[in-house]
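All chains are named by letter (A, B, ...) in the order of the sequence lines, taking the proteins before the strands, and each is independently numbered beginning at 1. Keep in mind that what you see is a predicted model, and the values were worked out from it rather than measured.
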Amino acid sequence: MSSGYDPEQVERAAQAQWAESRCFEVSEDADREKFYCVTMFPYPSGKLHMGHVRVLTISDVIARFQRMQGKHVLQPMGWDAFGMPAENAAIQRGIPPARWTYNNIDDMRDQLKRLGYAYDWTREVTTCRPEYYRWEQWLFTRMFEKGLVYRQNAVVNWDPVDQTVLANEQVIDGRGWRSDALVERREIPQWFMKITDYADELLEELDHMPGWPDSVKTMQRNWIGRSEGIELGFDVPGEEEPLTVYTTRPDTLMGVTYMAVAAEHPLARKAAESNPEIAKFIEECRKTDAAEATLETIEKKGMPLGISAEHPLSGDAVPLWVANFVLMGYGTGAVMAVPGHDARDWEFATKYGLPIVQVIEPADGGTIDVTEAAYVEYGVLVNSGGYDGMTFDEAFDAIAEHFEATGRGRRKVNFRLRDWGVSRQRYWGTPIPIIYCDRCGAVPVPEADLPVVLPEDVEFKGVGSPLREMPEFFETSCPRCGDEARRETDTFDTFVESSWYFARYACPDADDAMLDERAHYWLPVDQYTGGIEHAILHLLYARFFQRVMRDEGLTEESEPFTNLLTQGMVLKNGAKMSKAKGNTVDPQTLIDEYGADTVRLFMMFAAPPEQALEWSDEGVQGSFRFLRRFWSAVEAHVGGGDTVAIDAGSLDDAQKELRRKTHQTIAKISDDIGRRHAFNTAVAAAMELLNAVNRLDDDTEMGRAVIQEALSSIVLILSPIVPHIADALWEMLGHDEPVIDQRWPEVDDVALEQELVELVVQVNGKLRGRISVDAEAEEGDIVASALADANVERFIDGKAIRKTIVVPGRLVNVVI
RNA sequence: GCCCGGGUGGCGGAAUUGGUAGACGCAGCGGACUUAAAAUCCGCUGUCCGAAAGGACGUGCGGGUUCGAGUCCCGCCCUGGGCACCA
């Protein structure tokens with residue numbers, strides 16, 4: 001007998017019904033509790049991949065579950081449409097980035113619709129559209145007026161052969177990915193946003209975000225990196241300005257035996273003028289890419305500059321070195337080195353034979369040898385003159401007061417966080433709305449002239465931005481004085497677009513403001529879901545932008561995302577699915593073969609959302625088999641005709657047991673989906689319940705009634721995960737209203753009641769027997785019953801019982 | 001190098017607050033149905049000893065705390081993510 005489950009037909013029918021009833025299109029309704037559910041929007045790279053399907057399904061399950069809780073749910077979708085892959089495709093295929101992008105969006109939108117996600121498509125946002133990015137340009141000009149943006153030199157990777165700036169991703173083993181030339185660091189002027197102005201607030205609010213995973217909050221805390229230290233100057237004979245350094249360990253100040261400056265530091269440059277060896281070394285230092293991971297792992301190298309600074313406490317001469325691990329632009333571009341109490345300084349000192357001095361000893365009186373290894377713990381000061389015997393805190397205060405009194409230093413709170421460089425020397429991005437005028441300097445484009453539209457019909461060669469070759473784009477006049485002027489040809493980092501799209505979904509058609517009153521209704525996002533790889537950058541930039549918009553009066557909210565779920569990657573054979581590795585599985589093939597519900601079910605069943613998911617073709621088949629079994633069970637049941645209402649008093653034990661299992665499952669899945677987001681165990685519980693239904697084999701009136709209840713419950717609780725088959729089965733089970741409009745089922749506490757419970761009995765913590773006791777039994781009776789068990793008795797073997805531990809509902813442990 | 005995760009049967013995973021390790025599924029083995037195969041259904045399935053009852057061992061490695069540790073603490077190993085221009 002063949003199964004009647006035809007996914008294609010079932011899914012088309014359900015999707016047609018949702019489209020016709022427009023049930024996912026929502027408008028603001030002040031009388032209802034809103035639930036705003038957003039997924040990190042996809043980059044339109046061509047086709048949907050499994051990573052997309054996973055994150056979108058997770059979010060869709062949450063949205064549909066909340067809808068069944070009676071919430072007014074908005075789930076929108078959009079496209080993070082600017083970025084490098086469009087430029088690469090343009091080079092490879094000769095298609096303009098815009099056309100490639102729009103084609104991809106059309107293809108991927110069709111795929112999303114085939115997967116049955118509950119989106120309000122009327123709110124679709126596409127970041128490469130002028131009606132979107134004009135507001136980003138507008139906000140930038142507002143930030144300019146407020147002094148929240150500035151232009152400064154910053155380091156980029158420079159490919160000397162292709163004469164172009166490279167992204168870190170385009171640098172492979174220190175070489176340009178196309179030219180294979182050794183990449184150099186180069187400084188060019190770039191625009192920065194002052195995210196550091198918000199560092200304190202971004203840090204402190206993390207303590208009040210219970211809906212975010214602790215790991216993400218910790219990463220952000222460490223990234224912002226607030227530290228308390230002292231900034232102080234070392235005089236350099238012959239220099240007007242002292243050499244300023246920052247340290248969090250002023251207690252080790254007397255242990256400073258050398259100082260190091262960056263290759264780009266003015267003192268290094270000056271020394272290079274008269275010393276070709278130093279000039280050569282500085283040149284060599286520039287031949288590394290700009291990534292921090294590179295900097296931290298390269299071999300530490302340095303050269304003496306031949307000059308010394310004066311120690312601010314002892315007056316001793318401290319030699320100055322130039323070192324490849326110090327970078328201009330991080331702090332002051334100079335560091336004081338304490339090899340006795342810092343691991344990196346120790347390594348460097350040992351390599352170059354620089355002195356190592358102990359100035360801290362362990363507080364517990366233990367002995368250490370700083371010639372063997374740096375001692376980096378806090379302790380008590382020694383060899384530090386008047387500071388000897390002080391603890392870290394005492395020395396910190398005393399030394400800070402000394403410098404504050406002499407005006408040579410001060411206490412300073414520092415942040416590791418740096419301002420956000422938003423300039424990109426690329427074509428396919430939002431034009432930075434600035435005009436350079438010889439007389440007026442950098443002038444923001446007036447609001448009336450926005451947007452600065454990116455020309456889409458371009459010839460794209462791949463080396464440098466085509467905008468630089470388009471006078472019709474960059475030739476303009478100064479908005480202030482009217483003189484000839486030149487438009488900025490750099491574009492924004494694409495993280496700028498993704499820092500506020502979640503707010504724009506609320507009012508995607510607003511054409512006289514970035515956000516309007518509709519944003520007040522929907523913000524903040526109640527549930528935000530996306531990859532863990534965005535734990536720091538994207539999520540921190542979005543939190544920053546939310547505050548900038550708040551301070552602009554566009555929203556009252558400070559935090560954009562109340563609850564955050566970070567999902568793991570999709571792997572195959574232990575590696576991330578990628579075209580490069582050739583281990584991708586095309587979702588479309590699977591949808592065509594098994595239907596969207598099977599793909600959605602497997603995604604939710606195979607692993608908890610936060611963990612990596614190992615792809616398995618056999619597992620997909622297993623999910624399909626389950627849906628077919630489910631269909632057959634309903635088909636067989638409804639073939640027996642209508643059922644009557646359950647009369648709880650007249651159920652036999654087996655019927656009671658199925659009913660208890662039904663309500664236990666409802667309770668478990670409510671918690672699994674609603675609180676724990678453990679979709680995998682929710683699916684497992686539903687499978688168990690279906691197995692219990694299939695085992696009952698009872699066609700009495702009450703048997704069929706409890707089966708009707710069990711099957712209807714499975715349909716409801718699985719409907720967020722497999723909404724199409726749920727729609728069909730719900731109708732087959734004789735319900736009039738569509739399942740999409742049903743409320744989440746309620747647990748009947750009476751059905752959960754149980755007369756006997758099973759406890760395990762341990763002897764010295766090892767499992768030795770099982771007993772069945774009355775659910776209300778007294779502790780004394782439970783122990784007596786446990787001791788009476790034959791195997792337990794055998795292990796006690798007449799020995800004295802030291803104590804017994806009874807954990808209600810779980811176990812008895814007899815300690816002998 | 002630094003920050004944050006993860007490591008449990010042949011495989012994906014479960015064990016939610018320190019309380020029955022291995023739910024559910026996959027794969028495998030045995031059986032039913034079939035002329036046969038596929039599909040479907042039923043049973044078994046951590047390792048070792050044992051006819052069975054039952055026992056010993058077992059959650060990356062080495063220690064520790066506890067009546068009891070996959071779970072907590074200390075020290076390692078391996079592995080994934082991020083490190084500011086991939087998105």
Identify whether any heavy atom of [X] sits under 4.0 Å from a base atom; if not, whether one sits that close to sugar-phosphate; answer base, sugar-phosphate or nothing.
X: A/Val760; value: base
X: A/Glu618; value: sugar-phosphate
X: A/Thr297; value: base
X: A/Phe626; value: nothing
X: A/Phe624; value: nothing
X: A/Ala343; value: nothing
X: A/Leu417; value: base
X: A/Asn691; value: sugar-phosphate
X: A/Gln190; value: base
X: A/Arg810; value: sugar-phosphate
X: A/Phe605; value: base
X: A/Trp615; value: nothing
X: A/Val165; value: base
X: A/Gly531; value: nothing

Write down the distance separating the [atom1] atoms in [N] and [M], rounded off to the nearest Å.
N: B/G19; M: B/G1; atom1: C1'; value: 42 Å
N: B/G18; M: B/C73; atom1: P; value: 11 Å
N: B/G80; M: B/U8; atom1: P; value: 14 Å
N: B/A87; M: B/G82; atom1: C1'; value: 13 Å

Identify the nucleotide, in any strand shown, that forms a Watson-Crick or G-U wobble pair with [N], with both distances under 3.5 Å; if there is none, say none.
N: B/A23; value: none
N: B/A56; value: B/U47
N: B/C2; value: B/G82

Exercise for review: Would you kindly compare A/Arg675 and A/Glu169 by the position of their nearest RNA chain B nucleotide and give the one closer to the 5′ end?
Suggested key: A/Arg675
Check your understanding: Closest nucleotide of RNA chain B for A/Arg629 versus for A/Ala678: which of these residues is on the 5' side?
Key -> A/Ala678
Can you tell which of [options] lies closest to the side chain of [X]?
X: A/Ser215; options: B/G1, B/C24, B/C4; answer: B/C4
X: A/Arg768; options: B/A39, B/A14, B/A56; answer: B/A56
X: A/Leu767; options: B/C4, B/U20, B/U16; answer: B/U20
X: A/Met219; options: B/G1, B/C3, B/A84; answer: B/C3
X: A/Lys668; options: B/U16, B/C67, B/G82; answer: B/U16
X: A/Glu688; options: B/C24, B/G1, B/U16; answer: B/C24
X: A/Glu292; options: B/C86, B/G19, B/G1; answer: B/G1
X: A/Gln611; options: B/G81, B/G13, B/G19; answer: B/G13
X: A/Ala684; options: B/C24, B/C67, B/U40; answer: B/C24
X: A/Asn791; options: B/G19, B/G55, B/G25; answer: B/G55

Mind calculating the distance between [atom1] ([X]) and [atom2] ([N]) to the nearest angstrom?
X: A/Glu610; N: B/C4; atom1: CD; atom2: C1'; answer: 13 Å
X: A/Ile536; N: B/C4; atom1: CD1; atom2: P; answer: 10 Å
X: A/Leu601; N: B/G12; atom1: CG; atom2: C1'; answer: 14 Å
X: A/Ile673; N: B/U16; atom1: CD1; atom2: C1'; answer: 15 Å
X: A/Tyr501; N: B/A87; atom1: OH; atom2: P; answer: 15 Å
X: A/Arg221; N: B/C3; atom1: CZ; atom2: P; answer: 15 Å
X: A/Asn813; N: B/A69; atom1: CG; atom2: C1'; answer: 13 Å
X: A/Tyr594; N: B/A39; atom1: OH; atom2: P; answer: 11 Å

Review point. Do A/Trp500 and A/Tyr541 have their ring centres less than 6.0 Å from each other?
Key: no
Exercise for review: Identify the residue among A/Thr494, A/Asp493, A/Thr491 that makes a side chain to side chain donor-acceptor pair (under 3.5 Å) with A/Arg424.
Suggested key: A/Asp493
Review point. Are A/Asp671 and A/Lys668 ion-paired here, with the side-chain N under 4.0 Å from a carboxylate O?
Key: no
**Study point:** Charged N-O contact under 4.0 Å between A/Lys351 and A/Glu299
**Key:** yes
Review point. At under 4.0 Å, does any side-chain N or O of A/Asn680 touch on OP1 or OP2 of B/A23?
Key: no
Review point. Is it the case that A/Arg185 places NZ or CZ above or below the six-membered ring of A/Trp158, under 6.0 angstrom from the centre and within 45 degrees of the axis?
Key: no
Atom pairs and distances, donor-acceptor, side-chain atoms in residues 149-156 of chain A, under 3.5 Å, two or more places apart:
from	atom 1	to	atom 2	distance (Å)
A/Tyr150	OH	A/Asp419	OD2	2.7
A/Arg151	NE	A/Tyr436	OH	3.1

Checking side-chain polar atoms at under 3.5 Å, does [X] have a donor or acceptor matched by the opposite partner on [Y]?
X: A/Asp80; Y: A/Ser498; answer: no
X: A/Arg543; Y: A/Gln220; answer: yes
X: A/Ser227; Y: A/Asn414; answer: no

Return yes if the base of [N] and the side-chain atoms of [X] contain a donor-acceptor N/O pair under 3.5 Å, otherwise no.
X: A/Lys766; N: B/U20; value: no
X: A/Arg770; N: B/U20; value: yes
X: A/Asn222; N: B/C3; value: no
X: A/Arg625; N: B/U40; value: no

Check your understanding: Pick one for B/G9: is it syn, with its angle within 90° of 0, or anti?
Key -> syn
